[in-house]
Amino acid sequence: MKMVVCVKRVPDTAESEVHIDASGKDIDKSRLSFGINECDNYAVEEAIQIKERLGEGTVTVISLGDKDSDEVIRMALAKGGDEAIRLEDEAFKGGDGLAVAKALAAAIKGLEYDIVFTGALADDDGYGVVPAALGELLGVPHATYVKKVEILEPGKRAKVGRELEGGLLEFLEIDLPCVLGIQTGINEPRYASFKGIKQAAKKEIAIKSAADLGLDASEVGEAGSWAVLEQFTPPVVGEMAEILEGEPDETAAKLAAILKEKGLV
Amino acid sequence: MDFMLTDEQKLLRDTFREFCQKELTREYVRWLDENCDFPPEDLVEKLAALGFFGISIPEEYGGAGAGMFDFCVAAEELATSSVAVAISMGLTPAFGGRPIAELGTEEQKREHLPRIAEGKEKWCMALTEPAGGTDILGAIATTAERDGDEYVVNGSKMFISGAHVADYILLIAITDKGAKRSRGLSVFIVDARSPGITVNLIEKVGIHACGTTEIHFDEVRVPAGNLLGTENMGWYHILGTLNPERIGTSMLSLGIAKAAFNDALQYAKERVAFGKPIGQFQVIQHYLADIAIEIENARNLIYKCAWLCDAGERYDVEATMAKIVACRASEKAALYGMEIFGGYGFTMEYDMQRHFRDYKQMMFSPISDEMSKNYIAQSYGLPKSY
């Protein structure tokens, strides 16, 4: 089976202070560390595990981004990916989920594939658009928030479990080729081995521009987007918000009183 | 000059960083310190899967064939998360992998190196003796006397890390009593389960999860084929192990310094006094800046040594300097860290007490500051002062 995994390099904002930069359209990333988008890490692992279970197949890693994205691509190669493509062009910049999906679709159309994996959601913009848009653009079935994948017939059919509210799994059979948006927790992502890292360093990453993919600059990036980012603003303290002040025991008592008053406890 | 890591080294660092974040959590490291005299086997297996034990082992023997620099990149992450894990897991590459790769016969290499790379052998080094660690040559009394196809070992070794779990002991013993000591020592591969070997754990103040032991050898028979390198050239052989060891132990101190710094920085941002976080007070900022400067200095010197080592240049003096600089950084971080934490630093509730206990071992292990300075001064042409 031929599998493609789309990965994105994102800033790690979980334990960092986030500040809006001077442009107002981005956060200041100068002191942040970066890594693979969390869902994408599970997607890479799922593709590699399927290849290992079937004892055959290839995993191609694709990322849209500048040279810095090579580090997440190489990490995926070090874990067991076979080939890699990076989409880089000034024209790709500022694109929404749909514009990103257009570029990815153009690259994937040129490949043989049975399953395209993406993460269900990006940690940075959180649109969750790419898997569905990619499926539509490629004209193949798609499912997202996927937490279980079973290959019923390689190259033909798969059974996938989608995670719904409360951890409920919705199982569906899906024809291949398809696009699957992978949810965290589907597997236990491995660590790359040092040998894998050394081998990955020797692999070539094919770079493709918009023109290489047969795309016009007007179709991708900000120009090809339906939604264009206007600005970031920090959350404003609204009228309904009440900030409790004082020593911890005082604030805890106040909070308890409010919760009781509202009948929440 | 290029201070940038290669792409490969960045991936190595990221992998070990991710591993440490997930596997060596604060709670786990605390549990190790309170309950273990060596990390459990499942952690050894996980590190083996990452290729940690084989980083410096040649590719033809199942390793990655990388150098000291790459080893340092991985070790820095481990040491920052848990110095006990870094030291315990570093024993086998340092005292098994490297000496065998450098001195071993083809047979010895084939027997041990692939197993070391897979994490299936544990090693320790038995050099120091009860009579002294600084006067290392003068204190050695353990003998290995030839008897047919075997050597018979008698004596005691002191302050040996990890012998209680080791499969093999890299032993340094006298094989020519009549010769000048530096020309009468040999190195042996000793099966740690040989009859006549007794290992006792020594209770200590810090680095609990990497137990320190004493070993007694009573008529222990070692096959002659287990001699490593040339007979009576052991001192010169072992120098090839002690210099890289010095880089490794510097990295351990750096790890303690970084861990104490990170904890102190976080606390300084959170702890409020006089209406604001204590990190806004200049005295606390200066404490933190002082630690940060020493960490940066130590880090640069350690990586320079690793780079010299990989380039095949001499680095013994620099590594001895790195040892001192890194130890000082850990000392400053632990002492200032305690100051920043105030009374809470002295409680068992926070980890600063562990850094404070741990750094002390590295101050004299494997060599004291004073002896280090003797070597450094001597390297500038001054007479031997000890």
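We name chains A, B, ... by the order of the sequence lines, and we start the count at 1 in each one.
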In Å, rounded to the nearest 0.5 Å, how long is the span from [atom1] of [X] to [atom2] of [Y]?
X: A:R190; Y: B:E18; atom1: CZ; atom2: CD; answer: 12.5 Å
X: B:E8; Y: A:F194; atom1: CD; atom2: CZ; answer: 5.5 Å
X: A:I36; Y: B:D14; atom1: CD1; atom2: CG; answer: 11.5 Å
X: B:L11; Y: A:E71; atom1: CG; atom2: CD; answer: 7.5 Å
X: B:D7; Y: A:I73; atom1: CG; atom2: CD1; answer: 11.0 Å

Please say whether more than 12 non-hydrogen atoms of neighbouring residues, nucleotides or ligands are located less than 6.0 Å from [atom1] in [X].
X: B:E270; atom1: CD; answer: yes
X: A:K208; atom1: NZ; answer: no
X: B:E106; atom1: CD; answer: yes
X: A:K254; atom1: NZ; answer: yes
X: A:E56; atom1: CD; answer: yes
X: B:K109; atom1: NZ; answer: yes
X: B:F281; atom1: CZ; answer: yes

**Item:** Interface moiety of A:N41 toward chain B, non-hydrogen atoms closer than 4.5 Å
**Value:** side chain
**Item:** Top of A:A201, A:G35, A:A192 for chain B proximity - count of heavy-atom pairs under 4.5 angstrom
**Value:** A:A192
**Message:** I'd like to know if the side chain of A:K195 and the backbone of B:E59 have a donor-acceptor N/O pair within less than 3.5 Å.
**Reply:** no
**Message:** Below 4.5 Å, heavy-atom pairs only: which of B:E23, B:K22, B:K10, B:K46 has the largest tally toward chain A?
**Reply:** B:E23
**Prompt:** At their closest point, which heavy atom of A:S193 faces which heavy atom of B:A49, and how far apart are they?
**Reply:** CB-O, 3.4 Å
